[in-house]
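Here the structure is laid out as structure tokens; the discussion comes afterwards.
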Amino acid sequence: MKHLVAPSLLAADFLHLKEDIEMVNESSADWLHMDIMDGVFVPNISFGFPILEVVNAVSKKPMDVHLMIVEPQKFVKEIAATGAYMMNVHYEACTHLHRVIGAIKDAGMKAAVTLNPHTPVLLLEDIIQDLDMVLLMSVNPGFGGQKFIEHSVEKTAALKKMITDRELKTLIEVDGGINLETGKRLLKAGADVLVAGNAVFKAKDPKQMIDELKKL
Ligand code: DX5
Ligand code: ZN
């Protein structure tokens, strides 16, 4: 499968969100990555349901919603109602992960589990078969524009091995500090989806940057 690119709207110009979403619409991007932060799970607050709803109304790309919040199981219905395609919950935020994954799928969305940089992929051994995607954080979640954690490349390769050994189709998405250089190495290690915030929205020509990430 050719890899996918998901620009992260967190790095967009919030005063001109519509223009930035239209740029993504016209680009070769596959998904639109949406970062929800609650100020508890991560030391930052971003945006919530009303923004997801209006963005989805304008976006032609499926929304990949990354919930950096405690108790994400409380909001499965609300996220589904915004029109989200993929719902990512953090492993570290779910005591009953298997139940949450079931609820996400029952609500009609694809289900993904996100791992913080320190959380080992081997903890997914008994849930990987139920997941549409695993999102590996290659920075500590909470902020855009951070430095890529090098170990993420090895981690991607280890997760890829777990997936291929089991003959599964689970996708691997990586998020944080991704640019043309780190993106290339992650794809070589087995990544399927690259999230990019600053690399896209702070580029001189964001649409061209998306093309370049697609062509890696
Ligand atoms: C970080 C978010 C990322 C962030 C990526 O907590 O999950 O999606 O927007 O931004 P860059 O690509 O700038 O690291
Ligand atoms: Zn994210």
Side-chain angles (χ1 to χ4, degrees), residues 3-14 17 20-21 23-24 27 29-48 51-52 55 59 61-70 72 75 79 82 84-93 109-119 132-153 155-156 171-187 191-204 206-207 209-210 212-214 216:
H3 68 270
L4 309 180
V5 172
S8 165
L9 208 67
L10 190 66
D13 175 357
F14 284 5
L17 265 189
D20 280 350
I21 298 162
M23 178 282 290
V24 175
S27 78
D30 300 278
W31 297 344
L32 187 59
H33 185 83
M34 301 293 287
D35 290 303
I36 311 299
M37 305 175 184
D38 67 353
V40 180
F41 185 73
V42 288
N44 197 7
I45 296 177
S46 57
F47 45 74
I51 301 289
L52 287 179
V55 166
S59 177
K61 312 283 178 174
M63 272 196 316
D64 172 35
V65 179
H66 175 195
L67 292 166
M68 286 161 272
I69 65 170
V70 296
F75 302 106
I79 297 292
T82 68
Y85 168 73
M86 179 80 74
M87 176 164 166
N88 297 269
V89 295
H90 267 262
Y91 179 90
E92 303 83 7
M109 294 178 286
K110 300 275 183 199
V113 168
T114 309
L115 300 186
N116 273 337
H118 72 277
T119 305
D132 294 301
M133 188 173 83
V134 176
L135 167 52
L136 296 179
M137 290 310 299
S138 42
V139 297
N140 286 296
F143 304 92
Q146 300 182 82
K147 192 178 177 296
F148 180 77
I149 297 171
E150 279 300 322
H151 179 66
S152 315
V153 179
K155 205 169 165 180
T156 301
L171 297 176
I172 303 176
E173 179 175 54
V174 191
D175 181 10
I178 296 184
N179 52 34
L180 293 172
E181 188 270 324
T182 52
K184 191 169 188 167
R185 288 191 286 130
L186 288 168
L187 292 174
D192 302 291
V193 190
L194 300 177
V195 175
N198 278 262
V200 166
F201 289 98
K202 305 290 185 264
K204 253 196 194 148
K207 224 193 285 179
M209 179 52 69
I210 294 171
E212 286 179 36
L213 287 163
K214 273 299 283 183
L216 283 178

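These values consider heavy atoms only, across backbone and side chains, with no hydrogens, waters or symmetry-generated copies. Atoms within a ligand are numbered from 1 in the order they appear, just like the ligands themselves. Small disclaimer: the values here were computed from a predicted structure and weren't measured.
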Please check whether Asn140 reaches ligand 1 - meaning an N/O of the residue sits under 3.5 Å from an N/O of the ligand, judged on distance alone. no

Looking at side-chain heavy atoms only, is the closest gap between Glu173 and Asn88 below 4.5 Å? yes

Quick check: does any side chain N or O of Asp38 sit under 3.5 Å from a backbone N or O of Phe41, one acting as donor and the other as acceptor? yes

I'd like to know if the side chain of His3 reaches the main chain of Leu213, judged simply by a donor and an acceptor atom lying under 3.5 Å from each other, with no hydrogens or angles considered. yes

May I ask whether Ala196 has any heavy atom positioned less than 4.0 angstrom from an atom of ligand 1? yes

Which of the numbered atoms in ligand 1 are below 4.0 angstrom from a heavy atom of Gly176? 14 (O)

Which option out of Val42, Asp64, Asp175, Asn88 puts a heavy atom nearest to atom 7 (O) of ligand 1? Asp175

Angle subtended at the Zn ion (ligand 2) by NE2 of His33 and OD1 of Asp35, to 10 degrees? 90°

With atoms numbered from 1 as shown, which atoms in ligand 1 lie under 4.0 angstrom from a non-hydrogen atom of His66? 7 (O)

Side chains of Asp132 and Tyr85: does their closest heavy-atom pair fall under 4.5 Å? no

Protein residue, atom and distance nearest to atom 6 (O) of ligand 1, heavy-atom basis: Gly142 N, 2.7 Å

Mark yes or no for whether Gln146, through its side chain, and Asn140, through its backbone, hold a donor-acceptor pair below 3.5 Å. yes

Side chains of Ile51 and Leu9: does their closest heavy-atom pair fall under 4.5 Å? no

So for ligand 1, is Gly197 a polar contact partner (N or O within less than 3.5 Å, distance only)? yes

Could you check which N/O/S atom of Asp175 is closest to the Zn ion (ligand 2)? OD2

Would you find a donor on one side and an acceptor on the other, under 3.5 Å apart, between the side chain of Lys155 and the backbone of Pro117? yes

Tell me: protein heavy atom nearest atom 9 (O) of ligand 1, and distance? Ser8 OG, 2.8 Å

Under 4.0 Å from one or more heavy atoms of His33, ligand 1 contributes atoms 8 (O)

Heteroatom proximity flag, Gly144 to ligand 1, N/O under 3.5 Å: no

For atom 1 (C) of ligand 1, grab the closest protein heavy atom and report residue, atom and distance to one decimal in Å. Phe143 O, 3.5 Å

Please work out which of the three classes, parallel, tilted or perpendicular, describes the rings of His90 and His66, given edges at 30° and 60°. parallel

Could you tell me whether the side chain of Thr82 reaches within less than 4.5 Å of the side chain of Met34, counting heavy atoms only? no

Contact between ligand 1 and Gly177 is defined here as a heavy atom of the residue under 4.0 Å from a ligand atom; is it met? yes

For Pro141, the atoms of ligand 1 under 4.0 Å from one of its heavy atoms are 6 (O)

Just by modelled atom types, is the Asp175 backbone N or O under 3.5 Å from a matching donor or acceptor in the Ser138 side chain? yes

Under 3.5 Å: donor-acceptor pair, side chain of Asn44, backbone of Gly142: yes

Could you list which atoms of ligand 1 come closer than 4.0 Å to a heavy atom of Leu10? 9 (O)

At under 4.0 Å between heavy atoms, is it the side chain or the backbone of Asp35 that contacts ligand 1, or both, or neither? side chain

Checking distances from the Zn ion (ligand 2), one finds that the N, O or S atom of His66 closest to it is ND1

Ignoring hydrogens, what is the shortest heavy-atom contact between Ser152 and Leu186? Give both atom names and the distance. O-CD2, 4.0 Å

Can Lys214 and Asp30 be counted as an ion pair, charged N to O under 4.0 angstrom? yes

Give the atoms of ligand 1, by number and element, whose distance to some non-hydrogen atom of Asn198 is under 4.0 Å. 11 (P), 12 (O), 13 (O)

Report, in ascending order of atom number, the atoms of ligand 1 lying under 4.0 Å from any heavy atom of Met137. 7 (O)

Is it true that Lys202 lies under 4.0 Å from ligand 1, counting heavy atoms only? no

